[in-house]
Structure formats: structure tokens, C-alpha cells
Trainee: 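Take a look at the following structure, please.
This one's a predicted model, so the numbers in the text were calculated from it and none came from an experiment.
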Amino acid sequence: MINAGNLVWLPLYALFYVAVMLFWTRVAARENGNHETYFSAGHSLSPWISALTLAAASLSGWFLLGGSAEIAARGFAQPGVLQAGIVLALPGVLFFKRMWFVGQRLRLSSQAELFRSYFDSKFLVVVSVVVAVVFAVGFAGLQLRALSELIWMLSGGMISPLVASFFLGVVLFAYVGIGGMRAIGYFGVIQSVLAFTAIVGLAGFALMSSGGFAALNAGLQTLAQSPDGGGLFQVAGVIRFSAGLGRDVVMGHAETALTSLSVAMAFMGFQASPLAAKIVLSTRNANGFAAGQTWVMAGIVGGIIAFGMAIIGTAGLINPQLSLGGMLAQLQAASPWFMAWLFLGAVAGVQLLAGLGLLTAGEGLVRHIYKPYFHSSLSRVATVNLTRIVIALLALVSVLMQSLTPVTLSALGALALPLAFQLWTPLLGITWLRWITPAAATVGVGFGIAGVLLTETMGYEVLSFLGLELPWGRWPWTIHSAAWGMAANIAAFLIISAITNRNAFGAEAQEARRFVQSTLRMGPRARVLGAAAWSVALAWIFLAVGPGLVFGNFAFGTVDASGGAWSVGMPSIWAWALLFWALGVGLIWFLSYKMEMASPYLMDIPAYEPPRTLHHDQTRVEGERLRKLVVTGALAFILVVLVAFSFGS
Amino acid sequence: MSTLNTERDLLVFSIWAVLGFAGLAFLLEGFTRDSYFVCLLGTALIVAAFVAHIIVNFLFQQGFRPGETVLGIGAFGVLTFTFIAGVLSGSMSMVDYYSGLTLFSILIVGFIAYLSTRHGLRGAFSRFHVKTAVSEDSGR
């Protein structure tokens, strides 16, 4: 029974959260000198601060809110999700160190700048900004909406979801708008530890409520005896040639090994997103990437996901009253102080991601699109202030979409990770594969985006609205849109790279290539270990998230109508996932340190000085450009309305 | 605020956000359930937070800030007042009573132990001893 006394704790803890937020925002604003280092904290964030905020932003609330709900609904049918800590760390190991070196040499502070300097591609700049906007409004908005509904439930209906999401939006704007990247870094540390603690605490509560780990697994075994119960603990083969969700019904369940692999690819998108690049390029030095990816991301976050999230999900699977919402409601009634503290952790994780997304999107729209193309004479102060306004508008749009258009928000949020995954191609070009030409990277990403849109709800709904019905639905052949996009992306960039000039790079790109090659040359031992590294990494991917997952169905026991024989006291597929999480930490350590892909490397990097060029007054050209943009936008809108009116349903 | 100071403060905030709040939650849970063991767990977490705070101070070669000292003494005062009010009102159970005594004993002993190890026994006393001009100049 919830009484008035129980309702006091959540506002009380929220007050504490806001007070701490305001304290660190003030510290950040003072250190920023208001606007001087607003966007990248003067590239001075400590490596450990970056490691923590990166890990928590990757974890965000998705794994607590979405991941545990996924397990509570479908069991372990998609065990690749449990390897999220490792697959999130892999791109970090691959990209961060080299990206930081290029960024430091060219004095860049965002992914969009990286693309502009290296590929001189306006398209990639726009894509990077759009991905940031999708993360800020869609992906984070979706999680904030889930939190708002939990607040509504926990307050006994006193606080409506709209008021809750508005409050969360105001808190977000307060620290991002005032303190910028530095506030995200500083407050992010506290948000990170709160988020980690929340999952561990909730997992502990789930275990206690289920009667311990053995009782939890006994419950799972009982569940396996129910009709169709076995499917909850098995991967449904390697692939199913279905037309996709919404178009075809798959016998049994639709989670195959390739679903797990392609979902893992989508997770890998986060570390290739402009949000992760923002933190990396705001870091003081490259000494923390190996430790951050190995111990914080793969070790702590990976463990929290493989154990904590799985325990919360399985408790909800056995007893729906122990789903996340039910568990919080029980805690609210019995121990409101615990509930307030743990719920605040969930809020903190989501807000970290949302704040980072808002800053990156706001900066992208103002600094990388509006200023260079439409208003180059904009002063530093005006740029920061305009960014603050844009951040407020984006937060407002997100809040309104959470309440008014939840379906669109859901479709938009689903695009964030697969779209970000398409940015792997240009990032590989900058960091490792020098033969990827600017044209190839651009066309590859374009095709990748098309591949994603055509296999996601948003794409086929828009086409359906315009009168074009696709013969397939979401995720055809049980493969996530991230993989469909990447297939198109790879095909395009390989062809274009083969037929375009591989030396057609600008001066900054040439300098970045020369600098990376001269400073980050692999040592002799790492070169010798190269073949072993490839073998181990591919074997891990095959067995942990790829087709080899089917071995996990029976490696540690069987599942049948009698419940089966579980030789390690838990479902075979969960034990398999835990084993490969542990092996995955070893893999990340090996790649980071032994292969020197993210190993510490301390050196002073002088800024590259480009040849001086004359700056002409661009006011007239920019005014003309803005006029063209408005006219094109209006025409496009009219055209879409006409097409929809003529052919749409 | 220098970078080192900022990082030290971030760690302190993080420690108390996790261990401090966990300790508080377990104490409240113990009082509600009338369980001495749960209260003891809460006390242990608060002590762990203090220990972690002191370790961070040592790593960054700093002591408690004046604001932290004021907050700590203030919180101790509020706790003491609440405890005494509880005892006088007669509404406390024996578990509440012993849990409170345990918390205060550990905090007081820990405080004295901290001052003694940091400043020595005589130095610890001097932290509270107001030195007058006469005593400083007397040479005795």
C-alpha cells in the first residue's frame, strides 16, 4: 500500500539530484569562462572521466529499460544482447586512439569536423549531424518516455507523463545548456556511478525476491516445461527466410543467430556515433582508452549486462510482477528510500545519453551546418548562445513527441543505432583503411542509409504513405536493418574505391594520414600477433554473437518438455553467454594492449597549421544559399503532400 | 578550481552518491524492519564511504574541505538530535536504540582514530585547542 510518506522520497532524492547537477553545472560554467570551452571542455577531460561517461552513455537506460524487458518477454532467444559490453568495446578499441590522434593533430572537436577535414564531404557532415539529432530526439526521447511513464506510475498518477517528461527536459537543458561538454563530463561521472549502482541494486532485489540464484533458475526450468517454453532458452537456428516483421509470420520465434549478430552490429553503431566521438575528442590524452574499453566497458558494463540485466529480465520472465515496473512499485510500497535511489540511477543513465545527444546535435546544427554555410561571420558568443537555443528547441521537440507522437518517436529511435553503424566506413577510412576514398565513403554511407531505411518501420511506413508498398517488412530474413545497411554500404564503397583515385585527398587529410602512419606504427610483436588477433576476434564473433550461437543451445545442457538437464544449474544459452563475456574481456584486453590498438601513448602533438588562405566576404552568397534552402524545403514539402494526396493511403 | 581538485571532488561526490546513500537506505530499512543486522550493514556502508573518502584525500594529497567538515558535523548534529528526541519520546525499539548507539560509537571512534593517525594524539587535541597569544609567546 502506497501512502503519502512513501511518496516523499522520490521528490526528495530528485531534489538532491538537481542540487548536485546545479553544483557541477556551476563549476563547469566557471571553468568554461561561459563560452570559451563550451563545446569540448577545452579538450581537457581526464581519461577516466571519459571512460566512465562513455561506458554509461553506451549503457544508458536502454539495457535497464529495454534489454530487461526484452528478456522478460522473450527469454534468452536473442543471447547476442548479453554480449553488448564486448561489442560496444570492440569499435572503441578499433577507432578511439587513432581518431583522437587525428583530432588532436588537426585540432578537431567533433565527428562532423573530422569528416569535413578528412573527406571534405558535406554529405557526411550532414549525416553525422542527423544521426546526432536522431539520438537526441528519438533514441533518448524513447527512454525518457519510458521513465516518464514510470514516474506517473510511481506517483500514483499524481504526476502525468507530460509533466514528468517536461521536468526531465528542463533538468537536461539546465546542465547541457549552461555547462556544455564540461558539465556533461563532470556530472556524467556521478550519473555513471548512479546508473551502474541502479542496475546492480535492482538485480540484487530481483534475486532476493526470486529466492536466490538457484531458485531463479529452478523457476526458469519450470518455465521451460510449459508449451513453447523451450523456445525461451534457445536460438531459433541460424536464419529464417521470412519477409520480415509486419509482412510474414515466422513459425516458432523470429530470433535467429543472425538476428543476434545483426543486433550486435547495431550496438556497435553507438561507438561510431558522433556522441561517442564528442567524448573522445574532448579527452585530454589517449592514455585511458585501453583501460576504459577493457575494464570499464567490457568488464564492468559487460558484467552488468550479462549478469545484472539478465537477472532483472529473468525475474520478470518467471513472474511478471517482478518486471521492472512491478519491482519498482513493490519497492515503492515497502522501501521507498531504496526505490527512489535506484530509480534515480535509471534517470541518471538516460539523462547522460540525452544530454550528450542534445549537445552534439545542437553543436552540429549550429557550428557545422548553419555557421559554415549560412552565417560564417557568427561570433563565438553568438554561436554558443544559438546552440543553447537549439538545444532547448530539440529538448522541447523531444518532450512533445514523447507525449503526442509516441509511434513516430519509436520508429525514429529505432533508426539511431543502425544509422550510426553506417559511419563505420568513413571511420575505418580515417583510422585504418587508407584506400577508402572520399567518394567511396560518401556513396557507401548513402547506400547504407538507404539499406537501413528500407528495412526499418520508418522507411516502409513513409513509402507506404506515399503509395509505394514494399514486399518486405521490418528486418527481413530475421536480420536487423544495421546489417542490411552495412551490406549495401560495403558493396558500394568497395566498388567506388576500386574505380576512384586513391590519392585524391585534401591537404589536411594527407597530413592526418602521414601523422597516423608515422606515429602509430605497430610494433614488431603486434605485427607478429596480427594473424592470431584476426583468428581470435573472428572466432569470438562467430561463437558469441554469430551463427555459432546455436552450439549454445545444448553446450551446457538440454531443454525439453521435462525442463531438460541443465548441467551448470542455469540455461545452457545463458551459461554460454557468460562464458563468452569472460572470453570477450580477454579478447578486448588482447586487442587493446598486446595489439597496441588502444594502448597508452603519451606525446605532445603540435597543431597542424594549414597554408594561409584569403577569406572573402561570404554574406551575399550565404544569404542566397539560405534563400535556396527555404525555397527547396517548401517545394519538397508541397511535392510530398501532393504525392501523398495522389497515391497515399 | 584546478583540475586535480575537480577530479578529487568528483570522486568524493561519487563515493557518497553510492555508498552514502546505500548506507542511509539500509539504516532506514533496518529501522523499519527492526533488524539490527540490516542497520549494521548501513553503518558499515557509511564507514566504507568515509574510508573511501579518506583514501581519495590521501591520493590527491588533500584533507577534508571546510564545507565537507561543516556538512559532516552538521549531519552528525542532526542525527544526534534526532536520536535524543527519539529516546526521550520513548518511541524507539531496542533495535533502534542499539543501532543508533552503534552508529554514533563507530563515528566517534573513527573520528578520533582519523585525527590521531593524521595529526598524532597531541596534534589531534590541538585541532580544537585555541592557542592564545600568551601561550604562543610564553615559550613554556
Trainee: Could you tell me how the ring of Phe16(A) sits relative to the ring of Phe21(B): parallel (under 30°), tilted (30 to 60°) or perpendicular (over 60°)?
Mentor: tilted

Trainee: Return the CH2 to CG distance between Trp24(A) and Leu10(B), rounded to the nearest 0.5 Å.
Mentor: 4.0 Å

Trainee: Is it the backbone or the side chain of Ile15(B) that comes under 4.5 Å from a heavy atom of chain A, or both, or neither?
Mentor: neither

Trainee: Chain B heavy atoms under 4.5 Å from Ser335(A): which part of the residue, side chain, backbone, both or neither?
Mentor: both

Trainee: For Gln62(B), I'd like to know if atom CD has over 12 heavy atoms of other residues, nucleotides or ligands within 6.0 Å.
Mentor: yes

Trainee: To the nearest 0.5 Å, tell me how far Phe23(A) CZ sits from Asp9(B) CG.
Mentor: 6.0 Å

Trainee: May I ask you to test the Glu31(A)-Thr6(B) pair for a side-chain heavy-atom distance under 4.5 Å?
Mentor: yes

Trainee: Tell me the closest heavy-atom pair linking Ala22(B) and Trp341(A), and the distance in Å.
Mentor: CB-CH2, 3.3 Å

Trainee: Find out whether Ile190(A) and Trp16(B) are in side-chain contact, i.e. whether some heavy atom of one side chain is under 4.5 Å from a heavy atom of the other.
Mentor: no

Trainee: Counting only non-hydrogen atoms closer than 4.5 Å, does Leu342(A) touch chain B with its backbone (N, CA, C, O), its side chain (CB onward), both, or neither?
Mentor: neither

Trainee: What residues of residues 29-43 of chain B make heavy-atom contacts with chain A at a cutoff under 4.5 angstrom?
Mentor: Glu29(B), Thr32(B)

Trainee: Work out which heavy atom in Trp9(A) is nearest to a heavy atom in Leu28(B); give both atom names and the distance.
Mentor: CH2-CD1, 3.3 Å

Trainee: Tell me, side chain or backbone of Tyr13(A) under 4.5 Å from chain B's heavy atoms, or both, or neither?
Mentor: side chain

Trainee: Using modelled atom types only, decide if a donor and an acceptor are shared between the side chain of Trp337(A) and the backbone of Leu27(B) within a distance under 3.5 Å.
Mentor: no

